[in-house]
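Worksheet: one structure, shown below.
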Amino acid sequence: MRFARAVSPEDCKISTSYFRQWRALNDWLVRHETLWRPVPFMEPRPGWTQQYPDLADWLEQLSESECDQWDEHLSAFAQEVARLVPALSAYDTLVSVPKLPGHNRGSQAALREVQAVDMPGRKRLQAGAFAASVTPLSSHVLDWCCGKGHLARTLVGQGAEAVFGFEWDGALVQDGNRLATRYGDPVKLIQQDVMADGLCWPAVDHGAALHACGDLHRQLLMAGSEAGLARLSVSPCCYHLGGRGPYRLLSQQARDAHGVLDMDRTGLRLAVQETVTAPARERAQSARIRAWRLGFDALQRSLSEHGRYLPVPSHPTRLNSGCFEEFCRWAAEKKRVVLPAEVDWSYWLAVGQQRSRQARRHELLRHLFRRPLELWLVFDYAVYLEEQGYQVNLGTFCERSLTPRNLLLDAVHVNK
Ligand SMILES: C[S@@+](CC[C@H](N)C(=O)[O-])C[C@H]1O[C@@H](n2cnc3c(N)ncnc32)[C@H](O)[C@@H]1O
């Protein structure tokens with residue numbers, strides 16, 4: 001296996017378009033930090049409500065169905081909010097990335113349904129769209145954090161001569177190898193912790209990762225480029241998983257830049273936070289509990305000297321069928337909050353319901369920053385790969401409705 005030469009700082013003197021896009025997002029996110037940093041569940045009166053009172057009022061009067069609609073159409077929502085915060089009109093330009101071929105050819109490249117054993121329908125189509133976006137394939141590919149090797153088997157169908165897989169869960173490896181044998185696929189899954197030192201690479205020139213979480217996909221970018229793989233194709237997800245403390249950017253250019261966004265795990269989590277579309281009964285139940293939690297929070301703030309948010313752990317399910325008062329008594333005991341002899345429970349419940357309504361609308365505003373934060377991370381990955389000597393193609397491999405984690409970085413080494 002040949003080893004890639006890291007590009008020296010001299011080579012990087014000219015900023016690439018990925019760096020420029022990262023820079024633009026970075027500055028925009030820094031400029032609007034007050035809008036996305038405060039966590040609505042924890043902060044009833046974020047600073048921006050004073051800075052943009054018209055925005056706070058406008059959000060306040062949105063109905064539930066309008067919130068759902070805007071959440072589905074964030075680009076239109078950004079243009080609407082831009083009437084009150086003009087710089088948000090840059091949203092579309094900042095988040096625009098090209099569509100890769102998986103959008104049109106994903107279902108053709110997917111495994112046939114009869115072959116897609118143990119594979120949820122969406123995963124079959126996601127793997128197909130990923131594979132269609134990286135064809136033509138090199139001969140020997142490694143499926144990184146492969147689970148049962150669904151992507152590996154899909155890549156075989158798209159022309160890979162042999163695909164290896166790294167996966168640390170022995171049961172998945174066994175099941176995956178059994179499936180590959182059953183269908184005669186040239187796939188071999190290997191039980192391997194990808195975070196281990198001194199990885200022993202199989203004879204491959206292409207590393208592919210579909211939805212390896214956080215540090216796992218970052219490990220492929222770093223270890224794969226260091227090992228000299230000619231090609232790396234990565235669709236990242238769960239950016240917040242792995243590591244502790246402040247987030248460290250990958251690329252030297254971003255690390256050396258001035259005015260870099262200070263990113264913590266809460267910010268990373270926002271990049272992948274989705275609105276859960278649960279059945280109506282579950283939604284009603286979680287709305288009720290949310291109001292209870294916020295009602296208890298308002299009550300405890302009124303009793304404490306500091307008036308700060310108090311995190312309450314998950315509650316026993318028996319409380320779900322109880323009432324607000326029972327919930328508060330349980331939470332007070334857990335958090336050692338001394339309740340007065342007389343509490344106006346209906347008042348605090350009404351406060352909780354009002355806070356819940358407001359938190360939903362403030363969350364909607366934060367959702368505008370999810371994709372920009374995600375791209376801030378992924379553009380940095382692209383710049384890092386360029387610094388390692390790769391030519392990078394970044395785009396979406398499928399529609400958001402198939403998976404919201406639809407970005408794909410496809411990097412080919414220029415010297416191989
Ligand atoms: C989100 S799943 C993605 C699986 C597969 N790529 C897919 O799209 O179906 C992540 C996989 O990474 C595996 N994994 C987690 N940590 C790992 C590690 N340190 N080394 C190897 N595999 C790991 C998990 O067991 C899981 O199968």
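Both counts, for ligands and for their atoms, begin at 1 and track the order of listing.
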So, [X] versus [Y]: side-chain donor-acceptor pair below 3.5 Å or not?
| X | Y | value |
| --- | --- | --- |
| Gln158 | Thr135 | no |
| Gln174 | Asn177 | no |
| Asn406 | Thr396 | no |

Is it true that Asp143 and Arg153 have a side-chain N and a carboxylate O under 4.0 angstrom from each other?
->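 Salt bridge: no.
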Could you tell me whether Arg355 and Glu43 have a side-chain N and a carboxylate O separated by less than 4.0 Å?
->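 Salt bridge: no.
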Any chance you could lay out the side-chain hydrogen bond (donor to acceptor under 3.5 Å, both in side chains) test for His140 and Glu161, step after step, and finish with the verdict?
-> CA-CA 6 Å; His140 289 68; Glu161 278 171 33; 4.6 Å; no
Using a strict cut-off of under 4.0 Å between a residue heavy atom and any atom of ligand 1, list the qualifying protein residues by chain and number.
->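 If the criterion is a heavy atom under 4.0 Å, then ligand 1 touches Lys123, Cys145, Cys146, Gly147, Glu167, Trp168, Leu172, Gln192, Asp193, Val194, Met195, Leu210, His211, Leu216.
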